[in-house]
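The next block holds one structure in the form of structure tokens; read it before the comments.
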Amino acid sequence: MKPPQRDPLWRRLFRPELLFLAGTLQALTPYVIWYYNGPNPSYDYPITYIPVAFWGGGYLAFWLGAKLAGLSRPRPTTIRLAHGSSRVAWLTWVLVIGILLQCVALVRVYGGIPILRFMAGDNSLNVDDAARANSFIGQLALFLNSQLMLDGLVLLLLLTAVLTNRRYRFLLAMAIVTLMAAGVFAGKRQTVAIAITVLASGSAVYFGHPLRPIFRYLGLRRARWWARVAMIAGPVVMLAFLGWVVTLRTGAETTGGAQALSYLQLGLVNFEAQAGEVGYGPKKFYPARLFEYFIPNRMVLWAFPGFRDDMPPRAETSAPAGFYGDLHWNVGLPGALLFALIVGYIAKYFYLRASRRPWHLLVYSLMVWTLFAPYLYNHFLTANFLPFPAIGFFFLVYVAGVRSRRLLRTRPAGAATVPERQRAYATIRPRDASNHSHSRHR
């Protein structure tokens, strides 16, 4: 396919600069809440406003990194299938079946189905298993990475429909249902949010709309109407799901909106607790500890005991301190600004190539969640949520046979632009498929 001739509106909305700006504003919003309502009474923490320097300066560094990445434009490429769409389909089936089998195996780990135990009022599962989940070795890590790989395969299914005019409607629906069910099964809200974000952002960047291509792939009539309904109902359903899961896990009656506001504050509450102890940081210059979640938890305890020394204070022990929390504690403000500069460059580099190269599309779609919700997470420093899945996507694209090939300077006949991709699911015909095949062999 030909690289886009112009940026559609939705693709511009998913630029890394806008996403990280939205995330930065969300991270600083608790100051507005505390100004009018006072500090959060559930926690003991100072208000130093030191995090403003990290978030404000960090965004400027991120923006500069993105601008530096934009100085070199990628060479035009086209996407083709080396083995047809059937290989993508059977890989999807393998992962769907694998995730279902892992759910059966995890029943032994949890001593039952987690969501059913929560519904029965059993809160004994509320233990700190974050270390096991963050470790790249273990059953929970495999379960998480399998879901993230399936997110990528769903995007590849959408992409191959334009290249071959062949659709696997039942398989796509089965894969999406499996992703949602796996998150509900384990009571994990974040994996459901990541799956939705990956599909919406990948579809927006490549096709020009976050939802319409999925509905057209499934053969639904009035796909535009369904997309509008989903964009309105989706956030409401997600908030309701959030409140429901929290109520089940803690036994406390709450709403999704109240829980969302609570999550919005937790990262800054913990960040302020750190700042109250070490100011602009660091507590001890220890950059190696930034890679703690790249190492199996047992190995950390055995071979790197220093990682457990001088741990940062937590007003809420079950939550991290946001995107800059570990950076502030271990490398201080200069290190945090340098990290933001590098992340800005990487994010824009992948964004500029996402509409032309399948691996870049999958990786950037996974980055979007961290860029949009940095007030609580920094998945760039958590191996299982971004670095290792990015490596997995590389091999997944290779095995699936989805290739990118450099184009000549002149536009080949039949090459698809972004506006044409937007109309692909409504207008593609056998003749169009032959045109795509013709453009791939030129």
Legend entry - OH (Tyr31) with more than 12 external heavy atoms under 6.0 Å: yes
Inset, instruction - May I ask you to decide if Phe323's main-chain N or O and Trp55's side chain share a donor-acceptor pair within less than 3.5 Å? - result: no
Legend entry - Pro51 side chain reached by Tyr324 side chain, heavy atoms, under 4.5 Å: no
Legend entry - Crowding at CH2, Trp63 (>12 non-hydrogen neighbours, <6.0 Å): no
Legend entry - Within-4.5 Å side-chain heavy-atom neighbours: Phe62 and Thr24: no
Legend entry - Any donor-acceptor N/O pair, Gln265 side chain to Pro30 backbone, under 3.5 Å: no
Legend entry - Heavy-atom closest contact (Pro387 atom, Thr382 atom, distance): CD-O, 3.1 Å
Legend entry - Minimum-distance pair of heavy atoms, taken over all atoms of Asn330 and Leu290: ND2-CD2, 3.9 Å
Inset, instruction - Compute the ring centroids of Phe271 and Phe54, then answer whether they are less than 6.0 Å apart. - result: yes
Legend entry - Shortest non-hydrogen contact between Ala69 and Leu352, atoms and distance: O-CD1, 3.8 Å
Legend entry - Point-to-point distance, once rounded to the nearest 0.5 Å, from CH2 of Trp226 to CD1 of Ile214: 14.5 Å
Inset, instruction - Look up atom CD in Gln147 and atom CD in Gln102, then write down how far apart they are to the nearest 0.5 Å. - result: 8.0 Å
Legend entry - Min side-chain heavy-atom separation Ile33-Asn40 under 4.5 Å: no
Inset, instruction - Say whether, by atom type as modelled, one donor and one acceptor occur between the side chain of Thr48 and the main chain of Ile50 under 3.5 angstrom. - result: yes
Legend entry - Phe143 vs Cys103 side-chain heavy atoms within contact, under 4.5 Å: yes
Legend entry - Validation row: Phe207, Arg212 side chains within 4.5 angstrom (heavy atoms): no
Legend entry - Distance in Å, Leu366 CG paired with Met149 CE, rounded so as to fall on 0.5 Å steps: 7.5 Å
Legend entry - From CA spacing to verdict: side-chain contact (heavy atoms from CB on, under 4.5 Å), Leu106, Phe185: CA-CA 10 Å; Leu106 284 172; Phe185 164 84; 4.1 Å; yes
Inset, instruction - For residues Tyr377 and Gln190, determine if any side-chain heavy atom of one lies less than 4.5 Å from a side-chain heavy atom of the other. - result: yes
Inset, instruction - Look only at the side chain of Arg353 and the backbone of Tyr349, and say whether a donor-acceptor pair between them is shorter than 3.5 Å. - result: yes
Legend entry - Nearest heavy atoms of Val397 and Val402, plus distance in Å: CG1-O, 3.1 Å
Legend entry - More than 12 heavy atoms of other groups within 6.0 Å of Arg169 CZ: yes
Legend entry - Aromatic ring proximity, centroids under 6.0 angstrom, Phe395 and Trp359: no
Legend entry - Straight-line distance of Ser42 OG to Glu316 CD, nearest 0.5 Å: 9.0 Å
Legend entry - Rounded distance (nearest 0.5 Å) linking atom CG of Leu171 with atom CG of Leu153: 9.0 Å
Legend entry - Nearest non-hydrogen partners of Thr191 and Leu144, listed with the distance: CG2-CD1, 3.8 Å
Legend entry - Residue pair Met174, Thr92: steps toward the side-chain contact (heavy atoms from CB on, under 4.5 Å) verdict: CA-CA 10 Å; Met174 184 69 178; Thr92 306; over 6 Å; no
Inset, instruction - Calculate, to the nearest 0.5 Å, the distance between atoms CG and OH belonging to Leu361 and Tyr206 respectively. - result: 8.0 Å
Inset, instruction - Examine distances only and state if a side-chain atom of Arg167 and a backbone atom of Gly219 form a donor-acceptor pair shorter than 3.5 Å. - result: no
Inset, instruction - For Tyr286 and Trp329, run side-chain contact (heavy atoms from CB on, under 4.5 Å): C-alpha distance rounded to whole Å, both residues' side-chain angles, the deciding distance at 0.1 Å, then the answer. - result: CA-CA 9 Å; Tyr286 198 176; Trp329 190 257; over 6 Å; no
Legend entry - Any donor-acceptor N/O pair, Arg314 side chain to Pro320 backbone, under 3.5 Å: no
Inset, instruction - Give the C-alpha distance, both sets of side-chain angles, the deciding distance and a yes or no for side-chain contact (heavy atoms from CB on, under 4.5 Å) between Phe380 and Met367. - result: CA-CA 8 Å; Phe380 289 94; Met367 283 185 194; 4.2 Å; yes
Legend entry - Backbone of Phe14 reached by a side-chain donor or acceptor of Tyr351 within 3.5 Å: no
Legend entry - cation_pi(Arg222, Trp225) dist<6.0 Å, angle<=45: yes
Inset, instruction - Answer yes or no: is there a donor N or O on one side and an acceptor on the other, between the side chain of Arg289 and the main chain of Phe285, under 3.5 Å? - result: no
Inset, instruction - Find out whether Ser201 and Tyr364 are in side-chain contact, i.e. whether some heavy atom of one side chain is under 4.5 Å from a heavy atom of the other. - result: no
Inset, instruction - Indicate whether the side chain of Asp326 and that of Asn378 have a donor and an acceptor atom separated by less than 3.5 Å. - result: no
Legend entry - Heavy-atom side-chain proximity of Phe372 to Gln26 below 4.5 angstrom: yes
Legend entry - Heavy-atom pair with the smallest gap, counting every atom of Leu362 and Gly152: CD2-O, 3.6 Å
Inset, instruction - Taking Glu277 for its side chain and Ala273 for its backbone only, find out whether a donor-acceptor pair lies under 3.5 Å. - result: no
Legend entry - Any donor-acceptor N/O pair, Arg11 side chain to Pro8 backbone, under 3.5 Å: no
